[in-house]
There are 2 protein chains.
Amino acid sequence: MSIETLRRDPPAPEEGDTRQRIMDVAEQLLLQRGYAGFSYQDIAEAVGIRKASIHHHFPAKEDLGAAIVRRARARLLDTRGPVGDTPAQIQHQFDRYLRFFEKIATQGDKLCLGGRLSADLAVLPEAVRDPFRDFTTDHGGWLAKLFEAGQKHGVFRRDAEPADQALMFGAAVQGAVQVARSRGDAEFFRRIARQLRQQFLATP
Amino acid sequence: MSIETLRRDPPAPEEGDTRQRIMDVAEQLLLQRGYAGFSYQDIAEAVGIRKASIHHHFPAKEDLGAAIVRRARARLLDTRGPVGDTPAQIQHQFDRYLRFFEKIATQGDKLCLGGRLSADLAVLPEAVRDPFRDFTTDHGGWLAKLFEAGQKHGVFRRDAEPADQALMFGAAVQGAVQVARSRGDAEFFRRIARQLRQQFLATP
DNA sequence: GTCTATAAGATGATAGAC
DNA sequence: GTCTATCATCTTATAGAC
């Protein structure tokens, strides 16, 4: 790296912009078509650059895949946030969780990252599988905490272990997204969501 | 490779045999890696023939895909059978259903056809998507009938509409398979299955 | 950082000999 | 029915000019 480069002040606000745009486009394609179903050519056309330019930012496809998963994990921690300690907060986080998946199930043809990569596991390079494991661990851990706090504060029913409830709830939501998509039935998820509220909330 | 294939009586190859072997191998690859994740070359190596020979039986990949889905649908109707009209029969079919998915969730790295193709929907040619819709319709219809008969005969709880119960149960099972796989946790599905029995059976 | 050009291999698919 | 040989195209990836 030259002296000039090092001395230069942050010139344009475009710094890192292309990298982000590549990741944004690639993430949408990944969620839509799966890891084996999108190519650098697809990204290049959507972003408006050439294939080779993508390789400058992400030498191999697995670098891109891993970066997308790591970013999604950071976003998960960030937007889900720490589990609340009041009934209102917990109830709100529960509702928010359901709304997030309702959006995925009812609009567009994209899966959530967990569902997508779990289906792609067999074609995923180790470099992508590793951060995905972290992602699922975080996701599962957050849900477990939510149900533990929720039972303690009387938000959820106490008819099962919180950990079991969390697993059951997470799997039901995951399955509902999948079934809603395969049926092409936007209303389906809402019916399931209604059932899930009745099943898990102490006062639905 | 499936038990049926290994048990095959005729030791010598016969006509129509290659076609079946291609479909068997391709189905396993499809369930494992998805529609975009397996190639004619993969099949050729596993079957012990050349790529071009596969094209003789299935001119295009979508022909092969459609044939696999249609066969799976026929198998579904055949093995699931008409819904019973006694509590014992219904209970048995319910258990059998859960055991089928427990096998998928706990052994091997394959998805069920419904989960797999639902995830692959965006990369599926119309020629494969069409028979898959029939498959899901049949599958959903069977489950709905099971819960309707089950409620009538006191096998299932009557705390929700049979149709809703069926949707909820099917989605939960689907999600459980997916989550169990992504966690690499063979015990997970059994925990969910236990919860599902408590939730749906009148006398768990 | 982006480009052109290209490599090296895989993919689905076809033609035609045997 | 299976083979060899071949096709056009797509894939990830690299080299080097600007």
Side-chain angles (χ1 to χ4, degrees), chain A residues 1-27 29-30 32-68 120 122-129, chain B residues 10 12-27 29-30 32-68 120 122-129:
Chain A
M1 194 177 279
S2 73
I3 302 275
E4 266 116 325
T5 306
L6 288 171
R7 242 201 260 154
R8 209 174 13 201
D9 286 343
E14 311 303 319
E15 193 70 34
D17 185 58
T18 303
R19 189 186 157 91
Q20 295 303 317
R21 286 204 296 151
I22 291 168
M23 286 178 70
D24 290 342
V25 165
E27 182 171 1
L29 289 169
L30 170 67
Q32 200 173 56
R33 308 203 220 150
Y35 187 80
F38 76 95
S39 71
Y40 271 37
Q41 185 58 47
D42 297 327
I43 303 168
E45 279 161 21
V47 174
I49 54 176
R50 298 290 177 157
K51 277 193 304 174
S53 306
I54 303 173
H55 281 284
H56 170 77
H57 298 278
F58 304 97
K61 192 181 181 181
E62 62 180 43
D63 298 319
L64 173 56
I68 290 169
D120 289 348
V123 294
L124 240 42
E126 205 60 41
V128 182
R129 220 182 286 183
Chain B
E14 303 193 2
E15 56 185 272
D17 183 63
T18 303
R19 187 185 160 91
Q20 295 303 316
R21 287 205 296 151
I22 291 169
M23 287 179 69
D24 290 341
V25 165
E27 183 171 1
L29 289 169
L30 170 67
Q32 201 173 57
R33 318 223 284 246
Y35 187 79
F38 77 94
S39 71
Y40 271 36
Q41 186 57 47
D42 296 328
I43 303 167
E45 279 162 21
V47 174
I49 54 176
R50 298 291 177 157
K51 273 197 308 174
S53 306
I54 302 173
H55 282 284
H56 169 78
H57 298 278
F58 304 96
K61 194 182 181 181
E62 61 180 47
D63 298 319
L64 173 55
I68 290 170
D120 288 349
V123 295
L124 241 43
E126 206 61 41
V128 182
R129 219 182 286 183

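Atom set for the values below is all heavy atoms of this structure, side chains included, hydrogens, waters and symmetry mates excluded. Computed from a predicted structure; not experimentally measured. Lettering of chains follows the sequences in order, A, B, ..., and the numbering in each one begins at 1.
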Are the side chain of A:Tyr40 and the backbone N or O of A:Ser53 linked by a donor-acceptor pair below 3.5 Å?
no
Quick one: is [X] getting a side-chain N or O under 4.0 Å of the [N] phosphate, OP1 or OP2?
X       : N     : answer
A:His57 : C:dT2 : yes
A:Thr18 : C:dT2 : yes
B:His56 : D:dG1 : yes

Counting C-beta onward and ignoring hydrogens, is there a side-chain heavy-atom pair between B:Asp120 and B:Val128 closer than 4.5 Å?
no
Expected output is a numbered-order residue list: members of residues 34-42 of chain A with a heavy atom under 4.0 Å from any atom of DNA chain C. What is it?
none
Between CD1 on residue A:Ile43 and CG on residue A:Leu30, distance to nearest 0.5 Å:
9.5 Å
To the nearest 0.5 Å, what is the distance between CG (B:Asp42) and CZ (B:Arg33)?
4.5 Å
Among residues 45-54 of chain A, which ones have heavy-atom contacts with DNA chain D below 4.0 Å?
A:Lys51, A:Ala52
Starting at atom NZ of B:Lys61, determine the distance to atom C1' of D:dT9, rounded to an integer number of angstrom.
15 Å
Starting from P on D:dT14, measure out to CZ on A:Phe58 and report it in whole angstrom.
15 Å
Over all atoms of both residues, closest heavy-atom pair of [X] and [Y]:
X        : Y       : answer
B:His57  : B:Arg19 : O-NH1, 3.5 Å
A:Lys61  : A:Phe38 : NZ-O, 2.8 Å
A:Ala127 : A:Glu62 : CB-OE2, 3.7 Å

Give a yes or no on this: more than 12 heavy atoms of other residues, nucleotides or ligands lie within 6.0 Å of atom CZ of B:Arg50.
no
